[in-house]
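Scroll down for the structure; my scribbles are underneath it.
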Amino acid sequence: MNLQVSDKKGVKRWERVEVKLEDHIIEVEPAVLLSQGTKSNMDSHAKWFNDYLSKIGMEKLSHSKPLWEVHVIKYLANTTLVFKIHHSIGDGYTMVSALISGLKRADDPSLPLSLPSLKSSKTEPFANQSSSLRRYLSLSTSFFTSLSDFARSILRSTIVEDHKTPIRSGNDGIDFGPSSIFHITFPMDQIRDIKSKLGVTVNDVITGIIFYGIRLYMQDIEHSSGTKDATLLPMLNIRNAKGYETLKDIEKSKGKSSWGNKFTYMHAMGKHFHKTMRNSSLLISNLVGPVDQLAMGNHPIKDVYFTLSGVPQSVVITIISYMGMLKVTIRTEEGFIDEKKLASYFVSVLLYVVRLLSKKSKEHKRLHYKAQKMELTITQPDDWHLHLRDGDLLEAVIPHSARHFGRAIVMPNLKPPITSTAAAVAYRESILKVLPKDSNFTPLMTLYLTDVTSRDEIKLAKRSGVVYGVKLYPAGATTHSEDGVTDLFGKCFPALEEMVEQNIPLLVHGEVTDPNVDIFDREKVFIETILKPLTQRLPQLKIVMEHITTMDAVKFVESCKEGYVAATVTPQHLLLNRNSLFQGGLRPHNYCLPVLKREIHRQAIVSAVTSGSKRFFLGTDSAPHERRKKECSCGCAGIYNSPVALSLYAKVFEEAGALDKLEAFTSFNGPDFYGLPRNTSKIKLRKSQWRVPESLSFTFGEIVPMFAGETLEWEPSLI
Ligand SMILES: NC(=O)N[C@@H](CC(=O)O)C(=O)O
């Protein structure tokens, strides 16, 4: 082993020295520290381990001995080895080769290791299309893959410094400052599937996902950062090796790859490189690891990852594949990055790409279907979230729902609210009384949950046969929610337990009411602080998360057990983003609660409903308010969409190339979740243009419908 020494003239050279193992092997006993552990040993170990990595990352290797250390950490039955190796000894490829040389396959030590392919695939269904996704993914790496481009980028960032952004603090001393490390794991199959569909490389896919995720994160933290300079420095495997070589082969240079730090060698401007790193925002490095499980002696290796320390960036991303999984390790400057949020963007982007591609492949089949089908016949839909109001307003709006929908879950937020079964029965009578003649429309009633709703009331509701859900309005969240819940986990808990017994779903307006929480974050915070604990405490409770508006809600619903948690989705949250509130001026008729969100959230919801998942179904949240109550200094929240809802849902599914999924969303998933029979009658959606009226006039005043004055393409009619 060599040690770097300087002679009298200060010239540096390597000198061979004897290795004293005891100077390099450091045994650590975290168990001692764990005696002061907090809530659970596992958590405190993870925290301890993170801090330990941060600490050893901050310590420079001693130059009085060869520049490597192995830290041996024993925790319960597991042993973790941390190899800390100076970059002058070798680059990642060399080091992993060296490591692998001493290891064998866990299943059969006599078999050679297999590596996944890095090359772009031959099967490229979308490769000939000018797919923007493909261009985007390959652009993000090919930008750097030619040496001249890379050199130019190095020169550029040697001189020009990136802006300070949510991913670049620009602080001095990040290199050896404290850091946090966290991981995300992606299945390689998913990455490979994207790679072959787009005809790009695995590197393209990974870097594309990370680059896009980073941009979304930046914009989320500070919207204006979307236009700021942020240079991504990918240090991808440039050896193009077909497989890992043994240490001996590399040493004898028998192999195609030579020992050493290839990365620094390739970029002859090594001395500029540190500056380049300092001026740029993000470093990504990836390695291909073996597909098979490795073993050290008789001990199978569960997990492998690597990271870089002494790097002057606030975010360093290192990636290695192992046993069919891609382990992404994200090392961040401590206290500067919201790592959970960053990780959730990477996951969301991956899911988004997967969905988009699966839709695209189905689109091929559907093109024919779409061209031919100028008329769709589907089972009559139901509306699983509807405000019918009472009195004149009820009489005015009921024909619009009754015309096309078979049933509707009728919201109880009247003045006063429908808090008892007796009130629900009476409200139902008044709805039936004003139904248009010959209408088969069936109102499904709901109770308004309050802090005093009793177990007996829930039992009565079930026995009545007309109540199908209990609505949770957090007090003060939306229109007529003043009498809503203030103590869900306390005063309301017996009623919730009874709902489990009676198999009555809880219908949730999912927003916190804390005025200190930004209005655009209220759904997300509600999920974290209310819904997640609720599903943990009452896993058998059926929950419908009403009118979801965010990617977070999609992820939450998808993470829950199917059949227990579902969501309704409105036309406005599928078609509009928050820009629609301010287009050319304030747009009160696009104001509803939960308020419209960013485009990325809209896209996530569209992907979710058009994916064919059974967890999402139609709920218009059609909420009529008189024009004068919307166009005033403090306008009501609520969009009136009953007359246009079906046309708009059809538009969304058509644009997503998913018309074949429309019927399940409008007519199957809802009754299946509620345990009710599907409708037997049919409706027709004809592709013909019709104009939405500017407003609807009644004796008491006007209501402005959603998309007033606009032309829509799908026209529904009962058969
Ligand atoms: N959606 C709305 O913005 N308003 C609804 C109540 C609700 O569902 O939040 C209403 O009753 O007006």
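Every number for a ligand or one of its atoms is a count from 1 in the order of the listing.
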Under-4.0 Å salt bridge between Glu497 and Arg455: yes
Is Lys471 in contact with ligand 1, taking contact as a heavy-atom separation below 4.0 Å? no
Given Leu507, Thr620, Thr478, Asp621, which has its nearest heavy atom closest to atom 6 (C) of ligand 1? Thr478
Side chain, backbone, both or neither: which part of Ala623 has a heavy atom under 4.0 Å from ligand 1? side chain
Using a distance-only test with no angle check, is there a side-chain donor-acceptor pair under 3.5 angstrom linking Lys597 and Thr550? no
Could you tell me the residue and atom name of the protein heavy atom closest to atom 5 (C) of ligand 1, and the distance to it rounded to 0.1 Å? His387 NE2, 3.6 Å
Nearest protein heavy atom with distance in Å, relative to atom 3 (O) of ligand 1: Leu593 N, 2.7 Å
Under 3.5 Å, is there a donor-acceptor pair linking the side chains of His573 and His601? no
Closest non-hydrogen protein atom to atom 4 (N) of ligand 1, residue and atom name please, with distance? Ala637 O, 3.1 Å
Is His385 in contact with ligand 1, taking contact as a heavy-atom separation below 4.0 Å? yes
Would a distance-only check, ignoring hydrogens and angles, find a side-chain to backbone donor-acceptor pair under 3.5 Å from Asn590 to Ser580? yes
Applying a strict 4.0 Å limit to heavy atoms, is His547 in contact with ligand 1? yes
Tell me whether Glu511 is salt-bridged to Arg522, with the criterion being a basic N under 4.0 Å from an acidic carboxylate O. no
Counting only heavy atoms, which portion of His625 has something under 4.0 Å from ligand 1: side chain, backbone, both, or neither? side chain
Under 4.0 Å from ligand 1, counting heavy atoms only, is it the side chain of Arg389, its backbone, both or neither? side chain
Counting only heavy atoms closer than 4.0 Å, does ligand 1 sit against the backbone of Ile639, its side chain, both, or neither? neither
Taking only Lys NZ, Arg NE, NH1 and NH2, and the carboxylate oxygens of Asp or Glu, determine whether Lys687 and Glu713 approach each other closer than 4.0 Å. yes
Check this for me, if you would: do Lys630 and Glu626 make a salt bridge, where the nitrogen-to-carboxylate-oxygen distance has to be below 4.0 angstrom? no
